[in-house]
Amino acid sequence: MAHDQDPIAARVAEILAAHQGLEGPLLPILHALQAAFGHVPQEALPLIAKNLNLSRAEVHGVMSFYHDFRAAPAGRHVLKLCRAEACQAMGAEKLAAHARTSLGIEWHETTRDGAVTLEPVFCLGLCACAPAALMDGKVVGRVDEARFDALVAEVRA
Amino acid sequence: MKIYVPRDAAARAVGADAVADAVLAEAARRGLAVSVVRNGSRGMVWLEPLVEVETAAGRMAFGPVDIADVAALFDSGWGAHPKALGLTANLPWMLGQTRLTFARCGVTDPLSLAEFQAHGGLAGLRRALAMVPADIVAEVTASGLRGRGGAGFPTGIKWKTVAEAGAGQKYIVCNADEGDSGTFADRMIMEGDPFLLIEGMTIAGLAVGATKGYVYIRSEYPDAIAVMTEAVVLARAEGLLGASVLGSGKAFDIEIRTGAGAYVCGEETSLLNSLEGKRGVVRAKPPLPALHGFLGRPTVVNNVISLTSVPIILDKGAGYYRDFGLGRSRGTIPLQIAGNVRFGGLFEVAFGLTLGEIVDDIAGGTASGRPVKAVQVGGPLGAYFPRELFDTPFCYEEYAGKGGLVGHAGLVVFDDTADMLHQARFAMEFCAIESCGKCTPCRIGAVRGMETLDRIGRGDTAAIPLLSDLCDTMKAGSLCALGGFTPYPVMSALTHFPDDFSPLKEAAE
């Protein structure tokens with residue numbers, strides 16, 4: 001497939017070229033693909049496999065092992081709520097129930113308007129200002145229901 | 001005028017960026033020359049954002065500062081104000097600590113190599129450069145430093161194995177996959193004093209003959225990744241890293257790698273597989289990573305706090321470090337106090353404080369004001385301690401003797417609203433979600449554990465012996481600590497809080 005005819009393949013080829021020479025390059029490549037596309041396109045897997053002299057199954061096996069890599073695009077914003085013990089001690093389960101009810105979705109799902117994908121996360125290292133959340137990579141602490149609603153309203157605006 | 005507003009993630013999570021902007025805007029409005037330094041955190045998370053102002057008497061602390069306070073703080077000339085706390089150095093939280101590893105954290109600009117050196121940075125490395133490798137290893141061994149990631153293995157002995165593993169490419173791998181809930185010491189030191197980790201890894205490289213280091217940081221720590229990445233670039237530009245470390249002719253370089261959301265990659269062999277670009281599956285030991293590690297080469301895998309404790313050992317000598325602590329737990333440990341506490345944060349102190357001193361005196365009890373019911377020590381694989389065990393001194397062997405573990409020294413406090421059956425079930429659920437799948441006791445046991453705890457929750461007490469039996473199997477038969485230690489929170493909850501596992505529970509409520 002000629003690269004100029006397929007923008008995905010062209011971008012994948014660029015990313016593969018940028019990671020030549022690394023020891024153990026597969027995770028950095030998958031992170032770069034997710035950063036570029038918002039997910040890891042399935043079309044990229046055989047290209048990675050060929051480049052790294054792996055089987056396609058091996059690449060798929062690695063990608064699917066890690067919680068971070070998604071095979072399909074997420075919503076416009078990704079909200080990760082901490083479910084771990086320190087946040088539990090400060091009411092994270094009640095907050096998570098509020099989040100799922102108010103967004104009308106379960107974990108790993110995206111709201112109908114495509115605005116927010118809700119993901120669980122196990123510890124953000126913000127255990128002394130719990131409950132904690134990560135909105136599009138931005139840390140938020142001491143999240144109560146009001147603060148959660150404000151966070152969601154802000155990205156939906 | 002110099003004003004410090006932390007850039008630590010915990011400070012940013014509660015509004016430090018907006019406060020820093022507000023300080024600059026207010027200063028501009030008043031025509032005042034103010035420079036804002038984004039320092040690390042002092043570890044008093046309940047006071048974040050903790051703003052400090054440099055004065056002739058020392059640094060004055062104000063906190064927790066809200067953007068609404070900023071104008072009034074300027075009006076007061078950063079003097080008398082309800083948020084004024086006095087000299088930072090005189091706050092009880094600071095006075096009670098022995099800050100060896102965290103000495104600079106929160107004091108300096110984390111990305112200023114000049115400030116790092118002005119505050120004692122690189123002294124350990126400079127001394128190491130003048131020593132033969134075997135003497136560096138001997139110094140670390142003599143200090144009594146044990147792995148701070150949780151296993152508590154003597155750091156010097158690990159280094160010796162790698163040093164004696166013959167010639168050829170060797171590696172230093174820093175385990176910064178700090179996944180345990182209630183722990184944030186690695187994150188804080190990487191964000192607050194990144195050159196210290198670079199210094200520690202470089203010393204490790206000199207000691208064992210490794211020229212390449214990797215820092216594997218979990219993806220849940222975007223701020224730490226950003227700071228470490230920038231620090232490595234600066235260190236290369238200044239000749240601290242590269243072909244000739246500080247002009248010594250000895251090479252060492254570091255690469256930052258990002259994890260991908262798998263808790264099990266905090267286990268050293270899973271981490272190595274992940275670093276190699278494989279599934280983060282546990283490897284059977286032996287062979288030890290020290291002999292057969294990254295890409296099959298001899299590799300030191302050390303936790304962030306182990307490596308950041310090395311520079312002071314080389315600077316002040318093994319004896320200085322060893323003189324702190326109790327029994328076989330030498331030196332200091334950064335306690336991370338979290339969950340339902342009045343005063344949460346990082347408190348570095350010599351080993352040996354009792355759990356009661358930590359929870360009641362330092363943490364000030366619960367944030368909710370309710371009685372403390374349980375304290376989980378050492379992350380999601382650590383035991384739940386009841387008040388009856390609050391006399392346990394904070395040391396490796398003493399905790400093991402009580403059916404628990406020090407782990408990475410995180411403490412999560414729960415008040416009396418916690419349901420320990422629920423916490424036990426969560427431990428099994430977490431193990432089921434995060435199991436790498438390689439060994440059966442962990443992969444299947446965790447799922448069966450959830451089901452069994454659900455039976456107990458429905459009032460089927462006949463399932464309790466089954467749960468104990470399952471925990472024995474997981475403990476004895478799992479390949480790594482994930483399956484092997486999940487029984488700690490489960491069995492400690494069952495042993496110390498039997499009422500929560502009784503069918504009378506619901507009737508009583």
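Treat the numbers as computed from the prediction; the structure is a model and nothing was measured. A note on names: the letters A, B, ... follow the listed sequences, proteins ahead of strands, and every chain is numbered from 1.
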Practice item. Identify which of B:Gly345, B:Gly261, B:Ala262 forms the greatest number of heavy-atom pairs closer than 4.5 Å to chain A. Key: B:Gly261
Revision key, fill the gap. Of the listed B:Asp415, B:Asn273, B:Thr258, B:Leu275, the one with the largest count of heavy-atom pairs under 4.5 Å with chain A is B:Thr258
**Study point:** Interatomic distance, A:Phe37 atom CZ to A:Glu43 atom CD [nearest 0.5 angstrom]
**Key:** 8.0 Å
Point to revise | Polar side chain donor-acceptor pair, A:His39 to A:Gln34, under 3.5 angstrom | key: no
Exercise for review: Using a 4.5 Å cut-off on heavy atoms from C-beta on, say whether the side chain of B:Phe414 contacts that of B:Met420.
Suggested key: no
Study note, to complete from the structure: In this structure, CZ of A:Phe69 is separated from CG of A:Leu30 (nearest 0.5 Å) by 4.5 Å
Practice item. Would you sort out whether B:Arg279 and A:Glu58 count as a salt bridge (Lys or Arg N to Asp or Glu O under 4.0 Å), showing the intermediate values? Key: CA-CA 9 Å; B:Arg279 293 164 68 88; A:Glu58 281 171 303; over 6 Å; no
Point to revise | Per-residue contact mode, B:Leu411 against chain A (heavy atom under 4.5 angstrom) | key: neither
Check your understanding: By a 4.5 Å heavy-atom criterion (distance strictly below it), what part of B:Gln376 contacts chain A: side chain, backbone, both, or neither?
Key -> side chain
Check your understanding: Is chain A contacted by the side chain of B:Ser274, its backbone, both, or neither, given a heavy-atom distance below 4.5 Å?
Key -> both
Exercise for review: Sort out for me which of B:Cys265, B:Gly182, B:Gly280 touches chain A most, counting heavy-atom pairs under 4.5 Å.
Suggested key: B:Gly280
Point to revise | Contacting moiety of B:Leu295, where chain A heavy atoms sit under 4.5 Å | key: side chain
Practice item. Could you tell me which portion of B:Pro380 (side chain, backbone, both or neither) has an atom closer than 4.5 angstrom to a non-hydrogen atom of chain A? Key: both
Check your understanding: For chain B, which of A:Leu54, A:Val59, A:Leu134, A:Val139 has the most heavy-atom pairs under 4.5 Å?
Key -> A:Val139
Review point. What closest approach, in Å, do B:Glu48 and A:Arg142 show between heavy atoms, and which atom pair accounts for it?
Key: O-NH1, 3.6 Å
Review point. Between A:Gly61, A:Ser64, A:Pro28, A:Ala132, which has the largest tally of heavy atom pairs under 4.5 Å with chain B?
Key: A:Gly61
Check your understanding: Counting distance only, does the side-chain N/O of B:Arg297 pair as donor-acceptor with the main-chain N or O of B:Gln169 below 3.5 Å?
Key -> yes
Check your understanding: Checking B:Val264 against chain A: side chain, backbone, both or neither under 4.5 Å from a heavy atom?
Key -> side chain
Review point. What part of B:Gln423 gets closer than 4.5 Å to chain A, counting heavy atoms only: side chain, backbone, both or neither?
Key: side chain
Point to revise | Shortest non-hydrogen contact between B:Gly106 and B:Arg42, atoms and distance | key: O-NE, 3.5 Å
Exercise for review: Say whether, by atom type as modelled, one donor and one acceptor occur between the side chain of B:His422 and the main chain of B:Ala418 under 3.5 angstrom.
Suggested key: no
Revision key, fill the gap. So CE of B:Met44 and CG of B:Leu346: to nearest 0.5 Å the spacing works out to 11.0 Å
Check your understanding: Can you tell me if CZ on A:Arg56 sees more than 12 non-hydrogen neighbours from other groups inside 6.0 Å?
Key -> no
Study note, to complete from the structure: Pair count under 4.5 Å, heavy atoms only, with chain A: among B:Cys436, B:Gly410, B:Pro489, B:Ala427, highest is B:Cys436
Point to revise | Those residues of residues 95-126 of chain A, ordered by number, that approach chain B below 4.5 Å (heavy atom to heavy atom) | key: A:Val121, A:Phe122, A:Cys123, A:Leu124, A:Gly125, A:Leu126
Review point. Do B:Ser219 and A:Asp68 have side-chain atoms, one donor and one acceptor, less than 3.5 Å apart?
Key: yes
Study note, to complete from the structure: Honestly, the part of B:Phe343 sitting under 4.5 Å from a heavy atom of chain A is neither
Point to revise | Portion of B:Asp180 that has a non-hydrogen atom of chain A nearer than 4.5 angstrom | key: backbone
Point to revise | Atom group of A:Arg147 that falls short of 4.5 Å from chain B, counting heavy atoms | key: side chain
Exercise for review: Could you tell me whether B:Arg218 sits above the aromatic face of B:Tyr221, with NZ or CZ closer than 6.0 angstrom to the six-membered ring centre and within 45 degrees of the axis?
Suggested key: yes
**Study point:** Per-residue contact mode, B:Glu429 against chain A (heavy atom under 4.5 angstrom)
**Key:** side chain
Review point. Among A:Ala84, A:Ala92, A:Gly91, A:Ala133, which residue forms the greatest number of heavy-atom pairs with chain B at distances under 4.5 Å?
Key: A:Ala84
**Study point:** Flag, side chain of B:Asn175 to backbone of B:Gly266, donor-acceptor distance under 3.5 Å
**Key:** yes
Exercise for review: Look at the side chain of B:Ser435 and the backbone N and O of B:Gly437, then say whether any donor-acceptor pair between them is shorter than 3.5 Å.
Suggested key: yes
Check your understanding: Which residue pairs pass the ring pair (Phe, Tyr, Trp, His ring centres under 6.0 Å) test when at least one of the two sits in residues 43-66 of chain A, sequence neighbours left out?
Key -> none
Check your understanding: Among A:Glu93, A:Glu23, A:Arg83, which has the most heavy-atom pairs under 4.5 Å with chain B?
Key -> A:Glu23
Point to revise | Best-contacting candidate, A:Gln88, A:Glu85, A:Met90, against chain B by heavy atom pairs under 4.5 angstrom | key: A:Glu85
Point to revise | Residue, of B:Lys212, B:Lys278, B:Arg12, that accumulates the most heavy atom pairs under 4.5 Å with chain A | key: B:Lys278
**Study point:** A:Ile29 and A:Leu52, any side-chain heavy atoms less than 4.5 Å apart
**Key:** yes
Review point. Where does B:Val412 contact chain A at under 4.5 Å (heavy atoms): side chain, backbone, both or neither?
Key: side chain
Point to revise | chain A contact via B:Thr183 - side chain, backbone, both or neither, heavy atoms under 4.5 Å | key: backbone
Review point. In terms of the angle between their ring planes, are B:Phe347 and B:Trp93 parallel, tilted or perpendicular, with boundaries placed at 30° and 60°?
Key: perpendicular
Exercise for review: Return the option, out of B:Gly277, B:Ala367, B:Gly179, with the maximum number of heavy-atom pairs under 4.5 Å with chain A.
Suggested key: B:Gly277
Review point. What part of B:Arg187 lies closer than 4.5 angstrom to a heavy atom of chain A: side chain, backbone, both or neither?
Key: side chain
